[in-house]
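Here is the structure we will look at.
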Amino acid sequence: DTTSAKTVNERLTLNLPASTTLSRLYEDVSHKAGYVNGTFDLAWGNIIVHTLASLDHNSEMSLSESGFEPGGKKNFLHLTDKDGEQPQIASVTDSSGVDDSSQERFIGPLPRESTAGCSGDYSSPSYTYSSILSKSDTGYVGLVNQAMTCYLNSLLQTLFMTPEFRNALYNWEFEESEEDPVTSIPYQLQRLFVLLQTSKKRAIETTDVTRSFGWDSSEAWQQHDIQELCRVMFDALEQKWKQTEQADLINQLYQGKLKDYVHCLECGYESWRIDTYLDIPLVIRPFGASQAYGSVEEALQAFIQPETLDGPNQYFCERCKKKCDARKGLRFLHFPYLLTLQLKRFDFDYTTMHRIKLNDRMTFPEELDMSPFIDVEDEKSPQTESCTDSGAENEGSCHSDQMSNDFSTDDCVDEGICLDSTGSTERVLKPKSLLTFELFSVMVHSGSAAGGHYYACIKSFSDGQWYSFNDQHVSKITQDDIRKTYGGSSGSRGYYSSAFASSTNAYMLIYRLKDPSRNAKYLAVDDFPEHIKSLVQKEKESEEQEKRQREIERNTCKIKLFCMHPVRMMMESKLEVHKDKSLREATEMAYKLMELEGIVPLDCCRLVKYDEFHEYLERSYEGEEDTLMGLLLGGVKSSYMFDLLLETRRPEQVFQPYKPGEVMVKVHVVDLKSEAIASPISVRAYLNQTITEFKQLIAQATGLSAETMRVVLERCYNDLRLLYVPNKTLKAEGFFRSNKVFVESSESSDHQVAFTDSVLWKLLDRHGNTIRLLVLLPEQSPGTLANRTQKQQQQGSSTSDSQKSSDASDFEHIESPTQEADSNSSLCVAADNRELENRIRASAGSSGGASSDQENHFACEERSDSEVNNDRSTSSVDSDILSSSHSSDTLCNADSGPIQLANGLDSHSITSSRRSKAHEGKKETWDTAEEDSGTDSEYDDNGKSKTEAQYLYFRAEPCSQEDTSWDAQKCLVVHVDKRITLAAFKLNVEPYVGVTSTQFKVFRVYANNQEFESVRLNETLSSFSDDNKITIRLGRALKKGEYRVKVYQLLVNEPEPCKFLVDTVFAKGMTVRQSKEELLPQLKEQCKLDISIDRVRLRKKTWKNPGTVFLDYHVYEEDISISSNWEVFLEVLNEPEKMKSMSELAILTRRWSPATMKLGPFQEVILESSSVEELKEKLSEMSSIPLENLEFAKGRGTFPCDISVLEIHQDLDWNPKVSTLNVWPLYICDDGAVVFYRDSTEEPMELSDDERNELMKKESSRLLKTGHRVSYSPRKEKALKIYLDGGPAKDPGQD
């Protein structure tokens, strides 16, 4: 549907027999779309033609005859305006009689909106996305759920549907001079009610109301109790309405009175107090009972049922002056006009200590006679005496054991109820016949005590019809649906019935007194007060404005726009253009969006169709400057399968036409002499062209000879294909939308050699495998980088063959005959260090050419013409990084053509910085030493380097500040063939570090600056990619059979028991004693720890847990398995090592003293066997607790097995019934287990509530610091508050 008749474009899907006639198709579409047949056209959607022919309305031709494709294929049609007029929307009976029947019958929580609202294509028989935006058939408007605000929506709809509340709210007039409209709760409610009554939308937002409550967006994610909200909201309204006509509105409508009395059974004296209430909380199931009350009447009877105070609960009678039996209870004196009953479905289960929801069945009548529950007779009985003055200070709270809700306002403000004798007795002494209440609102909760969904079933007083108000959805329901909210199941009401009952049931009921003299009708729009009429007008205008805005949005094409900006390089943005704007206007918008004014003239820019992923220019739009964008882009869509590129040219150039079906080829010219690869020139070719024709095309663009030309296609990473069959087409050779080729045309004999043996192949192979790495050299490395690089060149003359230095040749695996010494060569600081192929040549005789200029440590080499263009593509598929020599020429590189053709993609790869290279997609293998078995050492057994024979490309140059965030002084840019091994890489870096490769370590730096040592010397750098970082640190590299080990100190009685000491090296075959001997001098030097060898113990470390104790005679790799980056604990002993054999068990024990609520320090116990008896004996001996009174328990979790002192006494499994330690539930099989023990005769300390709370706080804070588990505590609920001053005060100390 592309018309503007509805606010949102729908997609309708019909499955029809191929024999359906076109006239029948129109009928089906009109029914499905809800339009009057004959007021719209259908046109083909697949083809964009200027004269869009519509299908014939009256044709009896079948679909198959009219060009529709059968067999499950999709046929796309556009539903369009007829003769320039929008389709007419059919009346309700026309279109939705059938569709909505299922909707109307539905009661209960509907699916959440998130699914429906996010897709324009969403449709179902009874509900389509567009219907959210048009008013429900019921004529009522829904409310949008902000996240978890269903409880608020239910209450707001109930208040809206209460005529007396709505009319009173309309009569209140907002004074803008006195208050900010944003924070005025009554004003925002008034606005909301006006929208609910007059809006044409299906549902409206409640964000303005919640903002007036002082809530932020986080409140939308808090679910609260609807009864709690009702109280808090009424309090807030009363505060806001002080000194206005509505000051007493809440009390007049909702407040009742009851008497809280105690009646002496001996003398008949009664003391009482009058309380007010806004709702009556009814118990569903009495405490301790197995049966629930069956009806509201039964629960009301129980509410006023007195209890007898006898035995120890006797009451002290003022008249008898002694304790007597008495009767205590509540009596209703007055019922409010609007009676609210809260069914107390949320309870607390004392066995599980969790909140639960009671789903028991409780019936409620449609008409409730309250006369049996009112007490008129004793109101002025001579026997009674008030125990308080009018009870004003306690108003609003019911002091009864059954009533848990305290309704008084926080500051006990008098709610302004007049209790003078005349007023109150008149109200109380109503004839009983006038105490009939009719039900009009049922607020339903679906879910559990932990959370759920609220919605409201409300009866309209205008037509007596019941409706379900479920957030956005409003639908008609019946009496039968109301009965479904009683709760419970059909079975008997047994104790467990609640668990199996439906979780959807009534939670709050609101009744209205049947009194013709007071029962109001809703104010009609015509009868609105003047200030409400102007508010309606204001809201109507804002809704119209919103609709117009949506209309514009609906007709706006949003498409990705790219531009090769001459200054800022590749830019990306989003072009938003109305479908009726022309291409010329859209180009102008794109020109401004890309900020090209003053840089490129507007007539040197054009928009072309572009595929950003393949960097492919699909087509240009010659002669279509006046075509509308809607037609060019194929209509307004949520997303397009292509992008647009704003192409620029220089004034003297002309734009090339790009025809659909052409493929784009980036041509890199290769110069074998200078080993240079030029930046790309873009050429457009056809897939059905032959290789011969293609060579002619390249010859035209590059000026090279087609006869001697070799063309190599790089299909994907490291896949080079020589195109040598003259008659083969480009398609057959595997060309696609965007391609990259290398061309070389010279008279050399290289083209007579087999391609894989040729210099060209070797050059391209090197080019495809070279990566750029940033290497950070160590601080203490001798000399600055400049001195080092110069020193390296001076050494050049003495470089021996066996250890070939990186400067002898930067292209080592090609024995090139033309390696002439350049007298000027030295390390070059190029204008742009990314000129990857501008090589630094320093051959044997070059030492004399080293520059002595102190300001510039690097003399710059003069570049020959052939080297100017030798940039290298960092990836096989794309991403040509250009050198500074082209930066002035970003618009066009095809200078050699007879006519200068501008091409937007020549000068820079469009997305080199935006898309990962093809080979980067491979999973990186982490070069951590953990993978290493320790045998990949740098040297073999006789100390000779393994990698002497491999000469792969390596070139280093100093780093400029732009290249790195590191200090450029200590940084090196290395261009290296990534097939080089780590060992060869280290040898090549050696001259720059200034020490031999055995004396430094290589660390790979990952994205979050984590460093991992690379130790596998036979592995290549293939897992590295461009601009990866490497840090080099001085330190001995590992030899064969050596392992790097991290040593941590174990401090069992410290708050942080694990402290890092040093990095060291252990070797295979070394004993523990030998490793200690090597370690102690290191500890003395680096950690200032001077320890005797007999007082040091090494033990296994598993995360933070101490494990097996290593004895002096144990041998690494024989008795103790060891791996790279291994970690061990070092423990300083107070006395010489007591453990002598592997069969012994070292256990860490701690004494728990319940009398002082304290834990003792850790003490180690060494057992000779796994016997529980031996453990108990050792503990008894150590602590002097008699054996028969000693109890123990294993600690939980990781070391140090922290537990709150409030939980340890009950929560641990004390005295397990086992005789050995290595069985369930103990499983103590290794050293380092934690065992708590206690004296069973010691009684726990008695704590007052305050002491317990204080201790709880201390323990929570201690356990949080140590990172250990704090015992279970359910999610803390946030208190529901409405802020009258516009928002919560931010208290920094607030929890």
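Judged purely by atom type and a 3.5 angstrom limit, R345 uses its side chain to pair as donor or acceptor with the backbone of L358. With hydrogens and angles disregarded, no donor-acceptor distance shorter than 3.5 Å links the side chain of E539 to the backbone of R191. For the pair D481 (side chain) and I477 (backbone), a donor-acceptor distance under 3.5 Å is absent. The main-chain N or O of M443 is never found under 3.5 Å from a side-chain atom of Y455 such that the two would form a donor-acceptor pair. For T198 (side chain) and V194 (main-chain N/O), a donor-acceptor pair under 3.5 Å exists by modelled atom type. Between the side chain of E164 and the backbone N or O of A520, at least one donor-acceptor pair lies under 3.5 Å. T149 contributes no side-chain N or O that, together with a main-chain N or O of L152, makes up a donor-acceptor pair within less than 3.5 Å. A donor-acceptor pair under 3.5 Å is formed between the side chain of H531 and the backbone N or O of Y170. Checking side-chain atoms of Q157 against main-chain N and O of V141 turns up a donor-acceptor pair under 3.5 Å. N251 places no side-chain N or O within donor-acceptor distance of the main-chain N or O of D248, the cut-off being under 3.5 Å.
One side chain, T504 or S446, offers a donor N or O that lies under 3.5 Å from an acceptor on the other. A donor-acceptor contact under 3.5 angstrom links the side chains of S218 and D216, judged on distance only.
A salt bridge between R285 and D360 is present, with a side-chain N of the basic residue lying under 4.0 Å from a carboxylate O of the acidic one. Salt-bridge annotation for K547 and E551: absent, with no side-chain N of the basic residue lying under 4.0 Å from a carboxylate O of the acidic one. Checked for salt-bridge contact, E546 and K201 meet the test: a charged N lies under 4.0 Å from a carboxylate O. One finds no salt bridge joining D137 and K476 here, because no Lys/Arg side-chain nitrogen approaches an Asp/Glu carboxylate oxygen to under 4.0 Å.
Within 6.0 Å of CD on Q465 lie more than 12 heavy atoms contributed by other residues, nucleotides or ligands. Within a 6.0 Å radius of NZ in K538, other residues, nucleotides and ligands contribute 12 heavy atoms or fewer.
Ring to ring, Y254 and Y337 are not that close: their centroids are 6.0 angstrom or more apart. Aromatic ring centres of F332 and F373: separated by at least 6.0 Å.
Under the salt bridge (charged side-chain N to carboxylate O under 4.0 Å, His left out) criterion, E173 pairs with no residue, sequence neighbours left out. Every residue two or more places apart in sequence or in another chain was checked for a salt bridge (charged side-chain N to carboxylate O under 4.0 Å, His left out) with E297, and none qualifies.
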field: Check against side chain to side chain contact (heavy atoms under 4.5 Å, CB included), L282 and V296
entry: CA-CA 8 Å; L282 298 179; V296 160; 3.9 Å; yes
message: Does Q188 form a side chain to side chain contact (heavy atoms under 4.5 Å, CB included) with F213? I'd like the steps, not just the answer.
response: CA-CA 10 Å; Q188 292 302 339; F213 290 174; over 6 Å; no
Chi angles and distances behind the side chain to side chain contact (heavy atoms under 4.5 Å, CB included) call for L249, W241: CA-CA 9 Å; L249 176 71; W241 274 335; 3.6 Å; yes
Check against salt bridge (charged side-chain N to carboxylate O under 4.0 Å, His left out), R355 and D349: CA-CA 6 Å; R355 279 178 75 198; D349 185 339; over 6 Å; no
- request: Would you please test Q146 and T207 for side-chain hydrogen bond (donor to acceptor under 3.5 Å, both in side chains) and show each step?
  value: CA-CA 8 Å; Q146 291 181 41; T207 42; 5.4 Å; no
message: Would N505 and K484 count as a side-chain hydrogen bond (donor to acceptor under 3.5 Å, both in side chains) here? Give the steps.
response: CA-CA 8 Å; N505 34 49; K484 286 178 190 167; over 6 Å; no
- prompt: When you look at T206 and N153, which way does the side chain to side chain contact (heavy atoms under 4.5 Å, CB included) test go after all the steps?
  reply: CA-CA 8 Å; T206 56; N153 292 352; 3.6 Å; yes
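Within the 4.5 Å cutoff, the side chain of T436 has no heavy atoms near those of the L368 side chain. Between T162 and L338, the closest side-chain pair of non-hydrogen atoms falls below 4.5 Å. Between L439 and E367, the closest side-chain pair of non-hydrogen atoms is not below 4.5 Å. You'll find the side chain of P529 reaches within 4.5 Å of the side chain of N171, heavy atoms only. In this structure, the side chains of Q255 and Y277 stay at 4.5 Å or more apart for every pair of heavy atoms. The shortest side-chain heavy-atom distance between I1282 and I185 falls under the 4.5 Å cut-off. You'll find the side chain of S212 stays beyond 4.5 Å of the side chain of T183, heavy atoms only. Using a 4.5 Å heavy-atom threshold, the side chains of L143 and D471 count as separate.
Nearest approach of A299 to M362, heavy atoms of both residues: CB-CE, 3.7 Å. Here the closest non-hydrogen pair linking V474 and Y467 is CG1-CB, 4.4 Å. Across N167 and K521, no two heavy atoms sit closer than the pair ND2-O, 2.8 Å. Closest approach of E543 to L195, counting heavy atoms only: OE1-CD2, 3.9 Å. Residues E298 and G294 approach most closely at OE1-N, 3.3 Å, considering heavy atoms. When every heavy atom of Y511 is checked against every heavy atom of P365, the shortest pair comes out as OH-O, 2.7 Å.
In this structure, SG in C150 is found 8.0 Å from OH in Y454, a value given to the nearest 0.5 Å. Annotation: the span from M161 atom CE to S460 atom OG amounts to 4.0 Å, rounded to 0.5 Å. Remark: F160 CZ to R166 CZ distance equals 3.5 Å, nearest 0.5 Å. The structure places OG1 of T485 at 9.0 Å from CG of L343, a figure rounded to the nearest 0.5 Å. Rounding to the nearest 0.5 Å gives a distance of 9.0 Å between CG of L341 and CE of M508.
The one candidate from H445, Q342, Q227 that meets the side-chain hydrogen bond (donor to acceptor under 3.5 Å, both in side chains) condition with Y507 is Q342. Evaluated for a side-chain contact (heavy atoms from CB on, under 4.5 Å) with I226, the options V444, T158, L155 yield exactly one hit, L155.
Residue pairs that meet the salt bridge (charged side-chain N to carboxylate O under 4.0 Å, His left out) test with at least one member in residues 436-461, sequence neighbours left out, are E366-K459, E438-K459.
Using cut-offs of 30° and 60° on the angle between ring planes, the pair Y522 and F461 is tilted. Taking the six-membered ring where tryptophan is involved, the planes of Y486 and F364 are perpendicular, since the angle between them exceeds 60° and thus also 30°. Note on ring orientation: taking the six-membered ring where Trp is involved, the planes of W172 and F174 are tilted (angle from 30° to 60°). In this structure, Y140 and F469 have perpendicular ring planes: the angle between them is above 60°, well past the 30° mark.
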